[in-house]
Structures are given as C-alpha cells and as structure tokens.
Amino acid sequence: MTQIRRARDGEVTPAMKRVAEREQVDPEFVRQQVAEGQAVIPANVKHGSLDPMIIGREFGTKVNANIGNSETTSDIEGELRKLHTAVHHGADTVMDLSTGGDLDSIREANIARSPVPVGTVPIYEAVKQVDDVTDITHEILLDIIEKQAEQGVDYMTIHAGVLMEHLPLTDGRKTGIVSRGGSILAQWMEENGMQNPLYAKFEEICEIFAEYDVTFSLGDGLRPGCIADASDEAQFAELDTLGELTRTAWEHDVQVMVEGPGHVPMDEVADNVERQQEVCDGAPFYVLGPLVTDIAPGYDHITSAIGATEAARAGAAMLCYVTPKEHLGLPEEQDVRDGLAAYRIAAHSADVANGREGARDWDDALSEARYEFDWSEQFELALDPERAREFHDQTLPGDNYKEARFCSMCGVEFCSMRIDQDARDADGEMESIEDDTDVADSPAAEVNRPPVGRHDASDIADEIEGVDLSHEYPSADD
Ligand code: SF4
C-alpha cells in the first residue's frame, strides 16, 4: 500500500516518522501533507537501503543530482563513484539517466547502495530496445516501467502530458522541443499518428505505481529551451494536462510531483511556480533550474541556480541541479560537485529567506566561527569543507595559521575583523558579540541540508566490490 493511501487512512508510517525526525516537525503534519498530495515520500517498497525523505513546499528545499552514463562510457564502478560523489556532496535524490551499457545492472547496483531515492526516465530504456523510435509499443513501455518498479526505482519521469494537439503550438519556438523525452514522444506521435502512449496508458501505469509505491514525476516534455520560449502556449497547455493527470494519479492512491522549466527570465519564475501550484492543486513542483539567461554556456550552474533560488522562494519543493557542463557535455566528477554546491546554496538561501525553522542557525554558527578565527570550525561548517580548507591552505598551509587572526585576503595588517575586535576589546565591548548558537543543538543539524561531511552518507560503503571510493576530490585548479 502506498504512503498516500496509508496517510489517507490516518496511519503515520515508519517512513513518515523518520521524515518528521529529519525535518524536525510533527509526524502528524507529515501524514496530513502526504494525504493531501502536498508532499511526497518517494519510497519504493523494494528499496531496502533507503533513508526516507520528503519533498513538499512546507519542508526544506531539496536538490536532485542527475547521474548516469552515455553510450560511450558505461561501467558499474564508474556509476557507483558518481552516486558516491553525489551523495557525498549533499544530493537529496539522484536520477539515473543512463543510456548505455548494461542498464539493468547499473540501476540495480545504484538502488542497492543508495540511501537517497533513485529516479529514472523509462522512455530512455525503451529507445534502447528498438531500432527506431516509432517501433516502441505500449507493451514495451509498460514492461519497462513494471521492471524498473520491481527493481526498486522510487520515482519515474513520465512525459504523459505532451499531447498530439500540443505539438503545433511549438512551431514558432526558437528552440522547439528540448526535453529528450518530449522530443522522442513527439516524433513517435507524428510518425505513428497516434496519441502519446504514456497518456493513453496512464491508468495502467498508475496501477503499477500503486503496487510498488513509485512516485510520479510528471515530465514537462514541452518545457522551454530558451528564455524566448518561456511561458508560451505549448508549455501551459501541457501544464493543464499535467494537472488533470495529477488528479488521476491521486484517484489511484499514487504520489505525484510535477516537473517544471527549463529556461525562464527571472521576472516570470514566481508566476510559473504559482501557476503550477494552482493548476496541479499544490502537488510538489520539481524544477530544472530554471536558467534565467541563455548567454553563459560553461556557467549554467550559476544562471540556473539564480532561477532555482527564485523558484524555491516562490514554493518549488525540489531543484534539479544543472552543472557547468550543461549544453556542452556529460558532467564529470568536478562538475557534479560544482553543480551540487550551486544548488545547495540556492536551496538553503531560499530556506533562510522563507524562514524555514533552523535554517539560519547554520549561517549564524559559521559566522561566529569566522569572527572568532576558529578556522577549523569554519571549514567544518562550510558547505564544502574540502574546498574551503584547500583554498585557505593554498596560501597559509601551516597549522599555526589555523588560529591566526587574519588570512591572506587582507593580510595581517589590514584584517578588518582583527582590527574591529581589538577596538571592541579596548572598549570592553567584546562580551556583546558572544552568541551561543550551537549548530549541534539546532534543528539544522538534523534536517536534510547539513554541511557536507555531516550529510548522512553512512549507508554508502567506502569499499564497493573492491573499489576504493574514499578518493580525494580534485581541486578547482585540476
Ligand atoms: S584578513 Fe580579511 S578576509 Fe581574512 S579573516 Fe581578516 S577580514 Fe576576513
């Protein structure tokens, strides 16, 4: 039985209790949010290594990292390293977007070892099973979805909202259809002259999802691929269909979140979130970025983190990270790290601005460590402790500098914090800066966005099939 069915029956499940503990909220509040479809706990009954988490606008903003291989790179060891990197750097969920190699073995290995929910896009596997996209049948799709559900996938992107009648609406776009799933289905519909098979078979998919408690991530196959195409008729026509499908899934006791754009100018981001919340009756919104400008290939973790912050401010529940390699190539380890850092900053900034309980304690604790020149504590509390320590030690590596009342940025003579402290000390004011925020006593210590190193990755072994995963992470200069 699914989490939403049990919640509707009034049961507080063990997963809900665990989520409440992580979020520092009342378990009954979690139950109510899940029962009303306002939050999801993606937790396939077959995913034994999962530490349950929740996605919803009333909870901490979550971050997803995409992992997976392409045709040219495919081995289980490499994929497990990516999973390890993503969880180590704070991903709340991962999506395995593999399109090459032994897809089943890679997926099963990831699920067996992942403490975070694993998502997939089943249409990718369907494409690999046929010579031509148009050869995909309803049966092939349903078989793949059922197999992946049986393997323990926690949520699946299902592009069921792209309909035949929506396709002409994309004709005037600058960049057409940019979603991989959306473009595959558009080609299938145009060449077969039939309605989207995922839409046609949606109720059967609901039945499979209900059996394993797989959560829908309703894909936005017509998301805009540039800011010129944002908020157009095609995007909102699909969104209306996603609202209809959300209600159908709920009727089948299946959990739902809804995916969103893509590329949106900053002044339209909040409107997009509010519109999705209204059309989809508050189902959690899971956004890709959005990128707020198209001009910065190589820096799209930044262009998109700006949009992601704005989206989370307005109520988006989960942010799908974008790496610096977006539009340019398959991300590598350093790109995963940079993308996750950008998105965890976006999520945390929005949580602070939205007044999320305990979120700001982390900032305050780090600021105190900084002002006290407690460098070790500052590194420990940093979002990426390894990066912070490495940058500091590039110029002041000695242990004696870990208590120094300056760093190389302003130098010993011009260290403003040292000068300020000395002045306040002389005035006898130093006591006024004492503040005992202790992050260990704060709700922030227990929620899903602790500093890297405090993130609970304990279920990921450092040794996997003889592979040492406790590697050094490369520096930005490597
Ligand atoms: S030298 Fe400048 S940057 Fe470094 S600790 Fe002092 S005030 Fe901060």
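In this text, all values refer to a predicted model and were calculated from it rather than measured experimentally. Both ligands and their constituent atoms are indexed starting at 1 by order of listing.
Listed for the Thr323 side chain is a donor-acceptor partner under 3.5 Å among the backbone atoms of Lys325.
Applying the side-chain hydrogen bond (donor to acceptor under 3.5 Å, both in side chains) test between Gln235 and each of Asp229, Asp220, Asn272 identifies Asn272 as the sole match.
The side-chain heavy atoms of Val40 and Tyr155, taken from C-beta on, include no pair separated by under 4.5 Å. Using a 4.5 Å heavy-atom threshold, the side chains of Glu372 and Glu377 count as separate. For the pair Pro27/Met16, no side-chain contact is recorded, criterion being any heavy-atom separation below 4.5 Å from C-beta on.
Listed by chain and number, the residues in a salt bridge (Lys or Arg N to Asp or Glu O under 4.0 Å) with Arg405 are Asp422 (sequence neighbours excluded).
For atom 6 (Fe) of ligand 1, protein N, O or S atoms closer than 2.8 Å were enumerated as Cys415 SG, with waters left out.
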